[in-house]
Each structure stands twice: as structure tokens, then as C-alpha cells.
Amino acid sequence: MSEKYIIQIKNLTKIFGDGVEIKALDGVDLNIERGEFLAIIGPSGSGKSTLLNQIGILDTPTSGTILLDGVDVTEMSDKKRSITRNKQLGFIFQYHHLLPDFNALENVMMPLLISGIKSSQARKTAKEVLAEVGLADRMDHRPNQLSGGQNQRVAIARALVNKPSVVIGDEPTGNLDSKASDNIYELLRKLNQEHNQTFILVTHDVRMAEKTDRIIRLVDGRIAGNSKNST
Amino acid sequence: MFELDVATRHIKSRRRQTLFSIIAVALAVGIIIIFMSMMSGYTSILIDSTIENNPHITVMPKDGEDYIHLYHGLENHIYDLEGVEAVSSYFQSEAALQYQHNAEGVLLYGINPEDENRVVNREKDMFAGEFASLANPGSRIILGYKMAKNLDVEMGDTVTAQIPGAGPADFTITGIFRTGTPVDEIMAFVNLERLQDFYGSGDVITGMGVKMSDAYAAEDLANEIDRETGYDAVSWIEQNAEILTLLETSEGMVYFFYIIIFSISGFGIANILIMIVMEKVGEIGMLMAMGTSRRSIMLIFLLEAGILGMTGVIIGCILGYGASLAIASITIPVPPEMYFGMDHLPVEIELKNFITAGIFALVINIIAGVFPARRASKMDPVEAIYSV
Ligand SMILES: Nc1ncnc2c1ncn2[C@@H]1O[C@H](COP(=O)(O)OP(=O)(O)O)[C@@H](O)[C@H]1O
Ligand SMILES: [Mg+2]
């Protein structure tokens, strides 16, 4: 089982609030294969971000388990969570969240430096990944000197630089025009196929979702649809 | 160390505010170094002048006795002790000096001028005449500048000493000394034998001054003399215990002000760090998502406090050094008898003051950094990331 599935989610529930309780996730069961390119769709407030944050170990569920590569991440210590995020997970958000005081190359180097890799080695790897996302000639630009699409590419390079097994993106094109969005999706798809990494993307864009391997539809914190796309 | 990298970038990205907070620390450190240098200078002048102008040890009669009899043997014994440079026996008595219609109370010391000069250099304080003139066992007296003024006498005048239990005696003034201290108003010297004769007490003394090569060894030697001979030996440290403890307590009080001054500059550091943390919420969340531990987040902001503090401390030390030198070089128009004959402010530049002020400032700045740093490290990554 754990050979085939990189992520196994069982009966995942997340309740927010002390007084008025909001059930953001309500008994979610979901298995995700290695190398799968998965889209999560659903109306606003249906729990998409909450689900991604549990998978990304940025938050802890109220109950249920998440096995990442066979290991239950809900049981991890704070320190272990940090290390796991650094080594096994890559994050792309709606806003690029690049460090404004660092240039593109330095931003992409950051996950490597955090993991303790030497700066010279980190620089080499980061350059390669930046070239892969098509920004070889923009490495020394700061975020405020790049366009929205370019910044999102830098953010993608940063998410991939540690060679994580799972890349999660919460509306990664939510802030871009449709042409830039198309480019980003093509890039993500290409990277997914080349590196055989698992991609889990939340999107509003049905057109985009249709290009993925599988679409999960969330409604009120429950999985209301699970359909494979034929390619 | 990516933490240091992030910390320095944060600081560099807010040039103006960092400049202000560094200046605040630098001023605090500089001002306190000037304070400390002046305190040190004042203290050491006080102590130096005490050591220079007083016997390091005074040996007095045994309990219940008025005199030290057969003192020549004791003199030799003490002189042979380790570290003793000179010994001077004296006969002290209260007296009233009278000249025409003026009369003043005085502590009259009968001394051997050669011995006395070796214990306390009286010759250097002579304003007129020579201290050595008392070697002659005649009726000669040397008195202080203030006393001479009060009595309205000059060199060569004859004053009458009224000594309780011994009647009046005339002395001719052969010298006037001026130390710039209250001594000028209360002490007068005459020949030892002359005073002994006059008192009719025989060859006895009321005390003995001792000079040592190392003034700070006086306390131990005084105790030894006390124990060995049974005479009451008191060191200058014991004699001036009140002033010395007063100096120490005032130093303690001053630390209270240091804390206040440093705290003000610490607030400057805390303020800029709180601003950086608030501005960088999303960035902190992203750093956490990338796997930065809470410890590292904390370290980033503590480093920022440390860098700002350290820079301020270095600039402050340079400022303090320069200002102390400048103050030391200013001559002040004070009457010399007011401040131990000083003509400029006492400033002593001591490395230990720089180290104390520097470490003090740095510690307070890092404490100021703890609150914002903790706040950053305790952030919920999800809230932080989605707050933007
Ligand atoms: N930190 C939180 N505190 C309280 N309620 C929250 C919090 N985060 C999300 N929610 C609630 O949980 C539900 C799911 O939110 P979310 O996962 O952000 O939805 P989506 O990403 O699908 O729009 C919503 O009702 C939202 O208001
Ligand atoms: Mg969302």
C-alpha cells in the first residue's frame, strides 16, 4: 500500500472555534498516488485550504490521520514537522511570499540553506532549478523587480529546489491573468512529469483542473466528487 | 547560518529606523562611559590623596592608656616589619592658638620633621618657610594657610598656645603649609621634644604614623601589629571606612540610573523589532513553511537585536572615549582648595568601564529583543501565511 500511495488520509476532521464550532473538514478519506497531479476544487469555504494545510503539516487536525510516505505526520513533534516540511514538502501559495530583501536566486537557495546545505552547493542547485522555470536571466532581480508571473515562477523553483516528494499549491495562479496562469500550469505539469513528484493543487479554474490526473471536489468539508480525467 | 543572513537583510532594509536605534544605544553607552570615567577619576583622586596625605597605619596607645611609653623599641620593631617604609612618632594635643585678639582651636602635633616627612611628605605642601625648620628643638611652629588667615598672622609672628593642663607657651611661626584640604585649618606642627617638655610628660608619645610601600597592604599589617604588640593599630582603610562605603553605595545608586538610561535605549531596539516582526508576518510564516524551526525564527530576531546593540555599543564606546578625553583636557577655574588642588575635572579612562557599559547595554538590548523574537517564533504558520 504505502508503496503506491505517497499520502493516505483517514477520517480527517478539523474543527475551528471554541464557542461556535466550524467543521472545516468532516471525515475526509483520501489516498494520493506517487507522481499524481491532483486538483482540489470546491466552493469558497468548503475546506480546500484547510485540507492542504493539514497535508502540509502547517496545522494539526482535530482527529484522523495523515500518512506521508507511511509516517503519521499528525503525531510529529514541532521540530520533526519543520524538518519534514523542509525535506519532503514544497509550498506554493496564492501570493508568492518571496523574501523581499533577497533576490530570486537567494530566495530559491533559502530552503537548502535552512536544511544546512553549504551556500556554494545551494547556489549551484538553485541556479539549475531557476533555469528550469525559465528565469536563468533574472536570478539577481528582487521580487519588486519582477512581474507577478515571474515571481510565481521563482516561488515554484523555491518549492522544488529541495526535491520534495509532495508539492502543494493553494490557488497558485489565483493572482495571475489567464495567460500567465496557463504558462504556470504548463510549467507545473511539465515539472510533475519530469520529476515524478506528487502535485496537489487547489484551484478555482475548472479549465485548469481538467488538465490534471484527478479532481477532488470538496463541499462543506466532505469529499463530494472524485473523478479521474482521461488524458 | 541563514539566520544571520535574514537578520542582516531585515536591518539593512530599514536604514533610517536602524540608524536611530543605533544612535540611541550609542548615546546611552557614551553618556554612561563618561559618567563612569568621571566617577573613577573622582574616586581615585580621593583615594590617592588619602593615601598620600595620611599615614597608612596609625598606631595608638593600648586601651585605657593615654601614651605609648618606651616607644623607641616599638618604632624599631615596626620599622623592621615587611613592607614598612617609614615610621614617625608624634605627640598630639589639643590647644588654642592666640594672636592679639584672635584665638583658634588647633590639633598640635609634636613631631620629628625628618621622620614625619618620610611618612607624609609635608615639605611639598609648604607655602612659606621650611618644614625641616622644626628640627631645631626651639619654640617654632608651622601652621596651615587657613589657620594663619583666621589668626591674621604672618611668617615670623609669635602666637601663644594655650594647652589644657600645661599653661601658655609662645611659638614663632617658621612655616605655613597649604594642602587645599580642611587640614589647613586644624593642624599645626611643633618640635616633638619641645612639646613633650612643655607637657612635662617625659619621653612618651600619643601615636605613631607608618608609611608602607604598598598602601593596600596596610589593613593586614595593622591587624598584625594589633595582635602582636597589643597597641591599637588602625589602617587608612579602616579610618576612612565611612567614605569608602559611601563611595561604594553611591556606585550602587548610579547603577540604578544606568539601568534607566539603558532601558530607554532598549525600548528603541524593542520598538524597531516589533515593527519588523509586524511587517514580516507573511515572511515569517513562509520561513516556517520552508522548514525554519521556531528556534531559528527566534534566533533571527535576537540576532537583529544583537547586531543593532553591538553596533551601538561600539559607536558609544568611541564616543565615550573621545568625550572623556575632551573633558579631561578642559581646565576649570575652581579655587584649588575646593578639589584637592585639581585644576581640571578628574577623568580616568578605564577599560573595565567600557566593558561594563558595553556588556550591560548589550544584555539589556537582547532582553529587549526577546519579546518581539518570542512573538515571531510563536506565530501560527497558517495564520501568518494567510494574513497577507
Ligand atoms: N483559523 C480559522 N478559524 C476559524 N475558522 C476558520 C479558520 N480557518 C478556516 N476557517 C473556516 O473553515 C472553513 C473552511 O475554510 P478554508 O479551508 O479556508 O476554505 P476554502 O479554502 O475552501 O475557501 C470556512 O468556513 C472558514 O471560515
Ligand atoms: Mg482557500
Side-chain angles (χ1 to χ4, degrees), chain A residues 14 16 24 49-50 52-54 56-60 77-103 106-119 122 142-144 155 158-159 161-162 164 167-171 175, chain B residues 1-19 272-273 275-304 307-308 372-388:
Chain A
K14 177 71 184 182
F16 286 112
S49 296
T50 306
L52 272 198
N53 293 334
Q54 314 302 312
I57 340 178
L58 290 166
D59 200 1
T60 42
S77 70
D78 212 51
K79 201 176 160 203
K80 191 87 212 316
R81 290 152 68 96
S82 293
I83 294 169
T84 308
R85 283 201 298 264
N86 179 256
K87 299 234 185 290
Q88 299 201 51
L89 294 160
F91 295 87
I92 309 161
F93 297 100
Q94 183 174 355
Y95 300 94
H96 56 75
H97 282 296
L98 296 174
L99 309 189
D101 309 316
F102 290 81
N103 67 26
E106 291 162 335
N107 264 291
V108 177
M109 285 165 68
M110 198 52 72
L112 298 171
L113 298 180
I114 291 169
S115 74
I117 286 170
K118 271 211 320 253
S119 151
R142 294 227 174 157
N144 61 7
R158 180 179 62 183
V161 75
N162 257 351
V167 178
I168 63 179
D170 193 353
E171 301 185 37
N175 246 354
Chain B
M1 261 290 263
F2 74 98
E3 292 95 340
L4 185 61
D5 233 21
V6 175
T8 46
R9 296 289 171 107
H10 282 175
I11 288 172
K12 279 189 197 156
S13 73
R14 300 183 141 263
R15 271 170 219 281
R16 192 139 42 119
Q17 278 114 325
T18 56
L19 192 68
I272 180 171
L273 283 181
M275 285 203 308
I276 292 178
V277 169
M278 286 200 316
E279 188 192 281
K280 305 283 186 187
V281 171
E283 191 173 315
I284 292 164
M286 191 62 218
L287 280 167
M288 286 176 167
M290 287 191 277
T292 307
S293 66
R294 294 189 185 277
R295 231 184 104 254
S296 289
I297 297 284
M298 177 114 182
L299 183 61
I300 287 170
F301 292 97
L302 286 183
L303 278 171
E304 290 178 28
I307 291 166
L308 293 173
R374 274 176 63 94
R375 203 163 104 168
S377 75
K378 291 252 185 297
M379 276 183 193
D380 172 14
V382 174
E383 271 177 40
I385 288 167
Y386 288 91
S387 71
V388 179

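Because only heavy atoms are used, hydrogens play no part in the values below, and waters and symmetry mates are left out as well, while side chains stay in. Just so it is clear: chains get the letters A, B, ... in the order the sequence lines come, proteins before strands, and each one is counted from 1.
No side-chain heavy atom of Met109(A) sits less than 4.5 Å from a side-chain heavy atom of Phe2(B). Between Met110(A) and Leu287(B), some side-chain heavy-atom pair lies under the 4.5 Å cut-off.
Taking both residues in full, the closest heavy atoms of Phe91(A) and Ala289(B) are given as CE1-O, 3.1 Å, listed atom of the first, atom of the second, then distance.
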Write out the donor-acceptor pairs between chain B and chain A under 3.5 angstrom, atom names and distance to 0.1.
unit_1	atom_1	unit_2	atom_2	d
Arg9(B)	NH1	Asp101(A)	O	2.9
Arg9(B)	NH1	Glu106(A)	OE1	2.9
Arg9(B)	NH2	Glu106(A)	OE2	2.8
Lys280(B)	NZ	Asp101(A)	OD2	2.9
Met288(B)	O	Arg85(A)	NE	2.9
Met288(B)	O	Arg85(A)	NH2	3.1
Met290(B)	O	Asn86(A)	ND2	2.8
Arg294(B)	NE	Asp78(A)	OD2	2.8
Ile385(B)	O	His97(A)	NE2	3.1
Tyr386(B)	OH	Asp170(A)	OD2	2.5

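Your options are Ile114(A), Leu89(A), Leu113(A), and the one with the most heavy-atom pairs under 4.5 Å with chain B is Ile114(A).
Both the backbone and the side chain of Met290(B) come within contact range of chain A, judged by heavy atoms closer than 4.5 Å. Heavy atoms closer than 4.5 Å to chain B are found nowhere in Pro164(A), neither backbone nor side chain.
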